[in-house]
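Below is one structure, written out as structure tokens; comments come after it.
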Protein chains: 2
Amino acid sequence: MLRAGGDPERLRILELLLSGELQVSEIAALTKAEMSTVSQRLRVLLSEELVKRRRNGRDMFYRLADSHVETLIRNVIDHADPSIPH
Amino acid sequence: MLRAGGDPERLRILELLLSGELQVSEIAALTKAEMSTVSQRLRVLLSEELVKRRRNGRDMFYRLADSHVETLIRNVIDHADPSIPH
DNA sequence: AAAATATATGATCATTTATTGAAATGTAAA
DNA sequence: TTTACATTTCAATAAATGATCATATATTTT
């Protein structure tokens with residue numbers, strides 16, 4: 001699970017999801033990566049249950065899996081830079 | 001930082017340190033690994049500031065770096081298996 | 001049903017990362 | 001001041017990981 005969050009690009013996705021649901025294309029745009037790359041990254045995060053997803057028509061919306069994950073990400077950010085307010 | 005904790009063997013060391021300080025030889029014995037291997041793992045944890053160390057004579061004692069790390073580890077354990085009491 | 005859009009999958013390849021034994025370092029004891 | 005002990009570093013090999021691309025699947029629109 002930590003390993004899944006351990007890649008900078010995947011962590012970046014988790015951080016983006018702190019603000020709410022996003023679809024793959026949105027994440028691709030925000031992180032400037034190919035959709036297939038993003039899809040791969042999401043697959044890893046999904047397999048470690050760091051994120052969940054729901055389908056809406058042809059879109060797939062991803063979100064953080066639960067409050068543990070949210071706590072974890074915030075905790076990591078705080079450890080990395082305690083000066084950033086929560 | 002997450003990557004440092006993302007290796008199962010290194011995470012195992014962090015878990016052991018939840019209970020308090022340990023010296024390298026103790027960790028080696030507990031995890032059944034070569035001391036040089038343990039030393040390498042500790043170096044990674046140290047470089048990401050997940051652990052700190054102090055020297056006492058020829059022994060080197062390692063401990064978790066701070067409360068963030070402790071929170072992080074407990075949070076990970078809880079996410080992995082919420083049935084384990086804290 | 002075909003076309004268009006959105007996402008997922010699998011294979012490959014380059015890069016990173018981990019492990020190990022041997023040599024080196026630092027500390028204390030004889 | 002030699003010897004022993006604990007830990008670290010080094011260099012080499014072995015293994016795991018991530019990016020990319022071509023292809024596949026799913027859903028909606030026409």
Side-chain angles (χ1 to χ4, degrees), chain A residues 1-17 19-65 69 72-73 76 79-80, chain B residues 1-17 19-65 69 72-73 76 79-80:
Chain A
M1 171 199 168
L2 286 179
R3 173 153 50 208
D7 177 75
E9 297 299 331
R10 288 193 300 256
L11 180 57
R12 177 90 188 290
I13 292 175
L14 294 175
E15 290 183 65
L16 289 173
L17 292 177
S19 304
E21 280 189 335
L22 290 171
Q23 43 179 312
V24 180
S25 58
E26 292 175 320
I27 297 172
L30 288 166
T31 62
K32 303 196 201 317
E34 295 294 330
M35 271 204 308
S36 70
T37 301
V38 172
S39 190
Q40 289 268 31
R41 290 171 182 161
L42 287 168
R43 185 184 5 176
V44 174
L45 296 174
L46 201 58
S47 75
E48 292 303 324
E49 300 184 72
L50 285 167
V51 302
K52 290 184 175 173
R53 65 183 177 184
R54 72 181 171 86
R55 180 181 280 288
N56 186 5
R58 34 190 177 188
D59 302 326
M60 197 68 97
F61 285 91
Y62 283 81
R63 64 182 185 282
L64 298 183
V69 180
L72 183 85
I73 305 305
V76 167
H79 186 261
Chain B
M1 171 198 170
L2 285 178
R3 173 151 45 210
D7 177 75
E9 297 299 331
R10 288 193 299 256
L11 180 58
R12 177 87 188 291
I13 292 175
L14 293 175
E15 288 184 65
L16 288 172
L17 293 177
S19 304
E21 279 190 334
L22 288 171
Q23 42 179 320
V24 179
S25 59
E26 292 175 319
I27 297 173
L30 288 167
T31 62
K32 302 195 201 318
E34 297 294 330
M35 263 202 314
S36 72
T37 302
V38 172
S39 188
Q40 291 269 29
R41 289 171 182 162
L42 287 167
R43 184 159 62 94
V44 174
L45 296 175
L46 202 57
S47 74
E48 293 302 324
E49 300 184 73
L50 286 167
V51 303
K52 291 184 175 173
R53 65 182 177 185
R54 70 179 173 87
R55 181 181 278 288
N56 185 5
R58 31 191 178 187
D59 302 326
M60 198 68 96
F61 285 91
Y62 283 82
R63 63 183 186 282
L64 297 184
V69 179
L72 183 85
I73 306 306
V76 167
H79 184 261

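Hydrogens, waters and symmetry mates play no part in the numbers below; they use all other heavy atoms, side chains included. So that the names make sense, note that chain A is the first sequence line, chain B the second, and so on, each numbered from 1.
Take the nearest nucleotide of DNA chain C for Arg58(A) and for Asp7(B): the residue whose nucleotide is more 5' is Arg58(A).
Exactly one of Ile13(A), Leu16(A), Val38(A) qualifies for a side-chain contact (heavy atoms from CB on, under 4.5 Å) with Leu30(A). That residue is Leu16(A).
Listed nucleotides dT7(D), dA8(C), dA22(C) differ in distance to Ser36(B); the shortest reach to its side chain belongs to dA22(C). In the set dT7(D), dA16(D), dT27(D), dT27(D) carries the atom at the smallest distance from any side-chain atom of Arg55(A). Of the candidates dA8(C), dA18(C), dA6(D), the closest approach to any side-chain atom of Arg53(A) belongs to dA8(C).
For the pair Ser39(B) and dT7(D), the criterion of a side-chain N or O lying under 4.0 Å from OP1 or OP2 is not met. Contact annotation: Arg43(A) does not reach the phosphate of dT7(C) (side-chain N/O to OP1 or OP2, under 4.0 Å). Contact annotation: Arg41(A) side-chain N/O to dA19(D) OP1/OP2 distance is under 4.0 Å.
Within a 6.0 Å sphere centred on CD of Glu21(B), heavy atoms belonging to other residues, nucleotides or ligands number more than 12. Dense packing is recorded around CD of Glu15(A), with more than 12 heavy atoms of other residues, nucleotides or ligands lying under 6.0 Å away.
Under the 4.5 Å side-chain criterion, counting only non-hydrogen atoms from C-beta, Arg10(A) is not in contact with Leu14(A).
One can place CD of Gln40(B) at 13 Å from P of dT17(C), the figure rounded to the nearest angstrom.
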